[in-house]
Amino acid sequence: MPGYKTHIVGAAAVTGGALAATSWLGAYRPGFETMVCLGLFSVLGGLFPDVDTDSKGRRIFYGAALVVDAFLIFREQYRYAAVLGFCALLPAIGSHRGWTHSWWAALLIPSSVLLAPMLLLGLPWKPFLPYYAATVLGYFSHLLLDRKF
């Protein structure tokens, strides 16, 4: 099975291709900073299915979550830090290549990108749709590379 480097490249390639296509079609043209953020969301989505096992991908994913959680605690945003911590625990309730390697998880898990700003901050969901799409694309790239379809 592919390693974390392959999953990072796969997620970046799929999302980069989608961004190139939407830009070429004139449907969506984000700025540079937004493209970098979309790439990060995609890579984290591409690494997420393997966080249920001891892997380099898990260390990268949880390292990023640790930094964000520490920042939230420093900013006294305890509610958001708790939500992040809760979501980070979810992979522990299954076996490797279990529910984290399913098509429905690829759609459901990234929905937190839409729901968290909407439910916790009262923000509209539409501005977060590209981030959801990037995370889903990264997640699906992982499943494709693992030949789960």
Side-chain angles (χ1 to χ4, degrees), residues 1-31 33-69 72 79-149:
M1 288 294 129
Y4 78 98
K5 291 179 185 176
T6 304
H7 287 305
I8 289 172
V9 170
V14 168
T15 303
L19 281 170
T22 58
S23 180
W24 183 72
L25 293 170
Y28 182 65
R29 292 187 174 142
E33 294 87 7
T34 301
M35 283 194 289
V36 169
C37 287
L38 291 171
L40 290 173
F41 274 70
S42 175
V43 166
L44 291 176
L47 292 174
F48 183 82
D50 283 345
V51 299
D52 59 358
T53 186
D54 187 21
S55 65
K56 182 73 169 178
R58 181 184 80 175
R59 289 189 276 291
I60 293 169
F61 186 88
Y62 281 122
L66 178 68
V67 169
V68 172
D69 214 32
L72 290 171
R79 188 174 180 190
Y80 309 128
V83 170
L84 176 60
F86 175 79
C87 292
L89 289 172
L90 291 176
I93 62 172
S95 61
H96 183 55
R97 297 201 185 279
W99 70 270
T100 62
H101 280 74
S102 64
W103 66 267
W104 58 266
L107 297 173
L108 183 64
I109 296 300
S111 68
S112 61
V113 172
L114 292 174
L115 295 176
M118 189 173 68
L119 297 175
L120 297 175
L121 300 173
L123 298 172
W125 60 272
K126 284 186 181 182
F128 299 95
L129 192 57
Y131 298 94
Y132 170 76
T135 309
V136 168
L137 284 171
Y139 205 122
F140 270 111
S141 75
H142 184 107
L143 299 180
L144 286 170
L145 287 168
D146 279 1
R147 298 184 181 135
K148 294 303 282 183
F149 293 109

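No hydrogens, no waters, no symmetry mates; every other heavy atom, side chains included, goes into these values.
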Rounded to the nearest 0.5 Å, how far does [atom2] of [Y] lie from [atom1] of [X]?
X: H142; Y: T100; atom1: NE2; atom2: OG1; result: 7.0 Å
X: L119; Y: L114; atom1: CG; atom2: CG; result: 10.0 Å
X: L72; Y: R79; atom1: CG; atom2: CZ; result: 13.0 Å
X: Y132; Y: L137; atom1: OH; atom2: CG; result: 10.0 Å
X: L129; Y: Y28; atom1: CG; atom2: OH; result: 9.0 Å

Donor-acceptor contact below 3.5 Å, side chain [X] vs main chain [Y]:
X: S23; Y: A20; answer: no
X: T15; Y: A12; answer: no
X: T22; Y: A18; answer: yes
X: T135; Y: G45; answer: no

query: Does the pair K5 and I8 meet the rule for a side-chain contact (heavy atoms from CB on, under 4.5 Å), with working shown?
result: CA-CA 5 Å; K5 291 179 185 176; I8 289 172; 5.7 Å; no
Minimum heavy-atom distance between [X] and [Y], given as atom pair plus value:
X: T6; Y: L145; answer: O-CD1, 3.6 Å
X: P30; Y: M35; answer: CG-CG, 3.5 Å
X: W24; Y: R29; answer: O-NH2, 4.2 Å
X: S42; Y: A11; answer: OG-O, 3.0 Å
X: A134; Y: L38; answer: CB-O, 3.5 Å
X: W103; Y: F140; answer: O-CZ, 3.9 Å

task: Report the C-alpha separation of D50 and R58 in whole Å, then their side-chain angles, then the decisive distance to 0.1 Å, and conclude whether the side-chain contact (heavy atoms from CB on, under 4.5 Å) test is met.
output: CA-CA 6 Å; D50 283 345; R58 181 184 80 175; over 6 Å; no
- request: Please identify each residue that fulfils salt bridge (Lys or Arg N to Asp or Glu O under 4.0 Å) with R59, with sequence neighbours left out.
  value: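 Only D54 meet the salt bridge (Lys or Arg N to Asp or Glu O under 4.0 Å) criterion with R59.
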task: Just say parallel, tilted or perpendicular for the rings of Y139 and F48, cut-offs at 30° and 60°.
output: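 Tilted, since the angle between the ring planes falls between 30° and 60°.
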- prompt: Do other residues, nucleotides or ligands put more than 12 heavy atoms under 6.0 Å from W104 CH2?
  reply: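 More than 12 heavy atoms, drawn from other residues, nucleotides or ligands, come within 6.0 Å of this atom.
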- request: Go through D146 and H7 one step at a time and tell me if the side-chain contact (heavy atoms from CB on, under 4.5 Å) criterion holds.
  value: CA-CA 9 Å; D146 279 1; H7 287 305; 3.3 Å; yes
- request: Would you mind reporting whether Y80 and L121 have side-chain heavy atoms less than 4.5 Å apart?
  value: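 Side-chain contact under 4.5 Å: yes.
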